[in-house]
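Presented below is the structure to which this report refers.
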Amino acid sequence: MRVGILAASTVATGLIYRRLNHVSSITTNTPLIKELTTFPTAAADANGFRVADPETPLQDITHYNNFYEFSTDKEGVAPAAAGFETKGWRVSVEGLVRKPRVFDIDDLLKISPAEERIYRMRCVEAWSMVIPWAGFSLSKLLNLVEPLGDAKYVSFETLLDPKRMPGQRSDVLKWPYVEGLRIDEAMHPLTMLASGLYGHALPLQDGAPVRLVVPWKYGFKGIKSIVKIKLVATQPRTSWNEYASNEYGFYANVNPHVDHPRWSQATEQRIGESRRRPTLMFNGYGEQVAHLYAGMDLRANF
Ligand code: MTE
């Protein structure tokens with residue numbers, strides 16, 4: 001059966017037409033992040049670390065999810081992930097590095113104080129959100145393990161444990177979920193290891209304890225619940241590309257000019273808004289990232 005990432009028309013209308021809530025009245029039950037740093041406005045604006053668009057309510061960010069390890073039903077992810085145990089989590093950083101290391105999650109999160117970054121997230125299904133993430137640039141972790149000169153790509157892997165992740169008992173995707181970036185994309189300051197949102201530790205359904213966020217790419221690049229990061233010489237496999245290579249490319253840069261074979265990418269439905277809005281090239285982060293793709297045919301490398 002073809003499930004795949006769904007077409008834009010399947011976005012739940014109940015969520016779309018709900019008015020924006022007052023953010024401050026909603027809380028998550030995950031612990032508060034201590035010493036969350038925020039950037040001064042000028043630095044945040046120049047770096048793309050904080051967009052001015054209204055933030056999507058926490059309720060939507062935590063109850064309208066894609067996380068196939070738990071459910072293919074967006075509203076079913078939160079209840080299915082509710083008992084997921086992340087105690088004792090470790091992340092192995094390995095491959096073409098001088099100092100490979102297995103991090104306990106607490107040590108990994110101590111690499112840098114968490115910073116608040118307010119990013120747009122554009123799903124390939126043509127819905128979008130604005131999410132106040134907490135975390136730090138992936139480059140801080142990569143620099144610590146000292147990549148070797150022949151490390152050209154970074155691959156990422158989600159936990160494989162069908163006992164704890166019931167969706168992995170189905171063959172909707174080949175497990176574990178894997179993703180990848182070119183090394184310069186991985187080292188870009190916007191590329192983030194996120195461990196929280198709205199000032200609290202990541203809810204389970206959003207990829208606890210740590211996930212990737214790459215705001216100029218479609219949301220499926222943002223692999224959740226990471227256990228392995230490996231620096232490699234050649235372009236790694238990625239889950240959605242392997243599922244349907246004509247629909248989901250390795251690069252997956254947000255691009256309103258290159259349609260998905262089954263729907264347009266020119267506009268998007270921001271969750272919580274009533275009208276569609278135009279999709280921006282590189283999701284509005286062109287000033288920061290367009291140079292990474294200078295001279296590249298973005299139609300061929302979608
Ligand atoms: N990571 C894993 N391991 N499994 C998934 O199914 N879905 C991806 C991405 N990361 C997914 C994943 C997709 S398609 C999107 S749009 C985002 O997570 C959704 O993140 P959110 O649920 O926190 O909004």
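Just so you know, these numbers use all the heavy atoms, side chains as well, and skip hydrogens, waters and symmetry mates. Start at 1 and go down the list; that is how both ligands and their atoms are numbered.
Taking a cut-off of under 4.0 Å to the non-hydrogen atoms of Cys123, the atoms of ligand 1 that pass are 16 (S). Using a 4.0 Å cut-off to heavy atoms of Met121, the atoms of ligand 1 that qualify are 24 (O). Short contacts between ligand 1 and Ile223, defined as distances under 4.0 Å to a heavy atom of the residue, involve ligand atoms 1 (N), 10 (N). Less than 4.0 angstrom separates some heavy atom of Asp206 from each of these atoms of ligand 1: 21 (P), 23 (O). For ligand 1, the atoms closer than 4.0 angstrom to any heavy atom of Thr158 are 3 (N).
In terms of N/O distances under 3.5 Å, ligand 1 is not approached by Trp133. Taking any N or O of Asn65, backbone or side chain, at least one lies under 3.5 Å from an N or O belonging to ligand 1. For ligand 1, one of its N or O atoms has an N or O atom of Glu69 under 3.5 Å away. Of the N or O atoms in Gln205, none lie within a sub-3.5 Å distance of an N or O in ligand 1. Taking distance alone, with nitrogen or oxygen atoms compared against 3.5 Å, Gly222 approaches ligand 1 more closely than that limit.
Using modelled atom types, one finds no donor on one side chain facing an acceptor on the other under 3.5 Å when comparing Ser92 with Lys228. In this structure, a donor-acceptor pair under 3.5 Å is present between the side chains of Gln265 and Arg122. Between Arg270 and Ser128, the side chains place a donor N or O and an acceptor N or O closer than 3.5 Å (distance only, hydrogens not considered). One side chain, Thr279 or Glu268, offers a donor N or O that lies under 3.5 Å from an acceptor on the other. Under 3.5 Å, the side chains of Arg211 and Ser225 contain no donor-acceptor pair of N or O atoms.
Neither the backbone nor the side chain of Met129 has a heavy atom within less than 4.0 Å of ligand 1. At a heavy-atom cutoff of 4.0 Å, ligand 1 is contacted by the side chain of Arg211 but not by its backbone. By the criterion of a heavy-atom distance under 4.0 Å, the side chain of Tyr177, and not its backbone, is placed next to ligand 1. Both the backbone and the side chain of Asn66 come within contact range of ligand 1, each with a heavy atom under 4.0 Å.
For Arg182 and Tyr153, the positive end is not near the middle of the six-membered ring at less than 6.0 Å and at most 45° from its axis.
Within the model, atoms OH of Tyr251 and CH2 of Trp216 stand 12.0 Å from one another, a figure rounded to the nearest 0.5 Å. Note that CG of Leu138 and CE of Met192 are 11.0 Å apart. Values are rounded to the nearest 0.5 Å.
Remark: Asp297 CG is packed, more than 12 non-hydrogen atoms of other residues, nucleotides or ligands lying under 6.0 Å away.
Residue contacts with ligand 1 leave out Glu179, since none of its heavy atoms falls under 4.0 Å from the ligand.
When the options Lys217, Lys221, Lys152 are evaluated for a salt bridge (Lys or Arg N to Asp or Glu O under 4.0 Å) with Glu185, the one that passes is Lys217.
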